[in-house]
Amino acid sequence: MLVGLSALSFSFRCGLVGRGTPRAVPAPMDVDDVIALAVRAGLQGVALPLALLPDLAPARLAALRERLALCGLAPVLDTDVVDAAALEVAIPVAAALGASVLRALASPVLEGARVAFRPDWDAYLDEVVEQLRAVRPIAERHGVTIALENHQDLTSADLLRVVEAVGGPCVGVTFDPVNALVVAEDPFAALQRLAPHVRNVHLSDYVAYPSHEGWRLVRCALGEGDLNLRRLLVLLAALAPAAPCQIELVSHSARHVRLLTDAWWRGYPPRDVRDVLPVLREFAAPTRSRDDDWRTPWERGASAEQIALYEDQQYAASVSYLRAIGALARP
């Protein structure tokens, strides 16, 4: 298994959280800092947001590609919501960096709250398909796979629909197990359905806190949360062994999954309750109460130093966990 670091694990220190506000980190990390963190931990890859690259000049991209190769890091490039014009720029950039995977999103939806974004979700997916079809020849020409993520919006059925409708070898899936839970889907069943198309994986974990409307999912270090990561890694080794994985500990804001409300479910077609029961059992298993403080340091208004330490500690603990279970070799 090839394990890397997503720069989004340090979304505060990279200047992405709080950007343009007084709470933004005063001196954000750059690409070189992210590479150094991955190298020191003995990781084998790095996922970089397009927005984090200093510039897209060919000479700069060539120098960055050379540095990544010298460090033994396989790159993945992260881009935003699917848009043909933006992908026409991002695909050649990914190829110039030596990245065979370009991670993309289908929508800006978070927390599974689809109906507020587009009441006709099927029609929206048709638009996503058309955007991807438009750039499929460019992706194939550059040898770059656009890996659409289940980013708190797409179910496995949605992903299969899009990937199969676009067709070709250069459209696949970025799989995040916690995001599957956000759309009320068992992550292990979702992975089994998506396995033939999985080209990239986010290693994430979460802690669930109950609310009157559902559950809040809060970021945590790998191995310190409620997800059965050992089971996930066994499945990945069997079903998608070639897919690069990145430690991705992203959101500094708890994700409130309101799946106990009627309004939340209006964004989805009817589902057999037996398909949802594994998710309800997963969320209900911990003994936390509604009165427990679920807030991250960012949500509590902590200082920049405390938030940076929060990111550092979770990353270090995640690396230690992966080493302890044999998923990551010691450097």
Side-chain angles (χ1 to χ4, degrees), residues 6 8-9 11-12 16-19 49 78 80-82 103-122 124-125 128 148-159 162 173-187 189-191 194 202-220 225-227 248-271 273 275-286 288 290 292-300 314:
S6 169
L8 297 178
S9 291
S11 52
F12 175 74
L16 303 174
V17 172
R19 178 189 291 175
D78 285 344
D80 209 336
V81 176
V82 165
R103 191 272 287 180
L105 310 180
S107 80
V109 169
L110 295 173
E111 300 180 339
R114 304 193 323 190
V115 70
F117 173 66
R118 284 289 291 270
D120 191 342
W121 189 250
D122 285 339
Y124 181 72
L125 290 184
V128 172
L148 199 62
E149 184 179 353
N150 61 327
H151 194 262
Q152 303 183 34
D153 53 357
L154 298 180
T155 64
S156 59
D158 294 331
L159 281 162
V162 171
V173 170
T174 291
F175 181 74
D176 186 306
V178 176
N179 286 343
L181 288 164
V182 175
V183 293
E185 193 164 22
D186 175 14
L191 176 57
L194 294 168
H202 289 161
L203 298 178
S204 56
D205 204 347
Y206 75 98
V207 178
Y209 291 86
S211 76
H212 291 287
E213 297 178 299
W215 286 267
R216 290 183 174 89
L217 308 190
V218 181
R219 64 176 276 168
C220 68
D226 299 332
L227 187 68
E248 193 188 57
L249 318 168
V250 183
S251 179
H252 284 271
S253 300
R255 298 309 187 197
H256 197 178
V257 188
R258 295 173 170 85
L259 55 79
L260 298 184
T261 66
D262 292 338
W264 190 90
W265 283 101
R266 292 190 193 108
Y268 297 85
R271 301 253 296 271
V273 68
D275 294 334
V276 184
L277 278 176
V279 177
L280 297 177
R281 292 190 188 107
E282 176 88 8
F283 287 162
R288 302 174 197 100
R290 292 171 182 163
D292 289 340
D293 189 358
W294 46 266
R295 296 172 300 165
T296 66
W298 172 263
E299 290 169 309
R300 293 197 301 269
Q314 288 190 344

Under 3.5 Å, is there a donor-acceptor pair between the side chain of D205 and the main chain of L227?
yes
Taking the side chain as every heavy atom from C-beta outward, state whether P49 and L8 have any pair of such atoms under 4.5 Å apart.
yes
Which residues pass the ring-ring contact (aromatic ring centres under 6.0 Å, His included) test with Y124, sequence neighbours left out?
F117, W121
Donor-acceptor contact present, side-chain Q314 to main-chain L249, <3.5 Å:
no
Looking at N179, is its backbone amide N or carbonyl O close enough to the side chain of N150 to form a donor-acceptor pair, meaning the two atoms are under 3.5 Å apart?
no
Check whether any side-chain heavy atom of S253 lies under 4.5 Å from a side-chain heavy atom of W298, and answer yes or no.
yes
Sorted by chain and number, sequence neighbours left out, salt bridge (Lys or Arg N to Asp or Glu O under 4.0 Å) with R118 holds for E127
Could you tell me whether a side-chain N or O of D226 sits under 3.5 Å from a main-chain N or O of A208, the two making a donor and an acceptor?
yes
Verify the distance criterion only: is there a donor paired with an acceptor across the side chains of S6 and H202 at less than 3.5 Å?
no
Any donor-acceptor pair under 3.5 Å linking the side chain of D122 with the backbone of D120?
no
By side-chain contact (heavy atoms from CB on, under 4.5 Å) - contacts of L280 (at least two apart):
W215, L259, V276, L277
Salt bridge (Lys or Arg N to Asp or Glu O under 4.0 Å) filter on D158, not counting sequence neighbours, yields R114
Donor-acceptor pair, distance only, cut-off 3.5 Å: does the side chain of R216 make one with the backbone of Y209?
no
Could you go step by step and tell me if Q152 and V178 meet the side-chain contact (heavy atoms from CB on, under 4.5 Å) rule?
CA-CA 8 Å; Q152 303 183 34; V178 176; over 6 Å; no
Across all chains, not counting sequence neighbours, the salt bridge (Lys or Arg N to Asp or Glu O under 4.0 Å) partners of R258 are E111, E213
Min side-chain heavy-atom separation F175-L159 under 4.5 Å
no
Please list, chain by chain and in numerical order, all residues satisfying ring-ring contact (aromatic ring centres under 6.0 Å, His included) with H252, sequence neighbours excluded.
Y310
Looking only at heavy atoms, the pair that brings E149 and D176 closest together is OE2-CB, 3.7 Å
side-chain contact (heavy atoms from CB on, under 4.5 Å) between L110 and R255, worked out:
CA-CA 8 Å; L110 295 173; R255 298 309 187 197; 3.7 Å; yes
Backbone of W294 reached by a side-chain donor or acceptor of D292 within 3.5 Å:
no
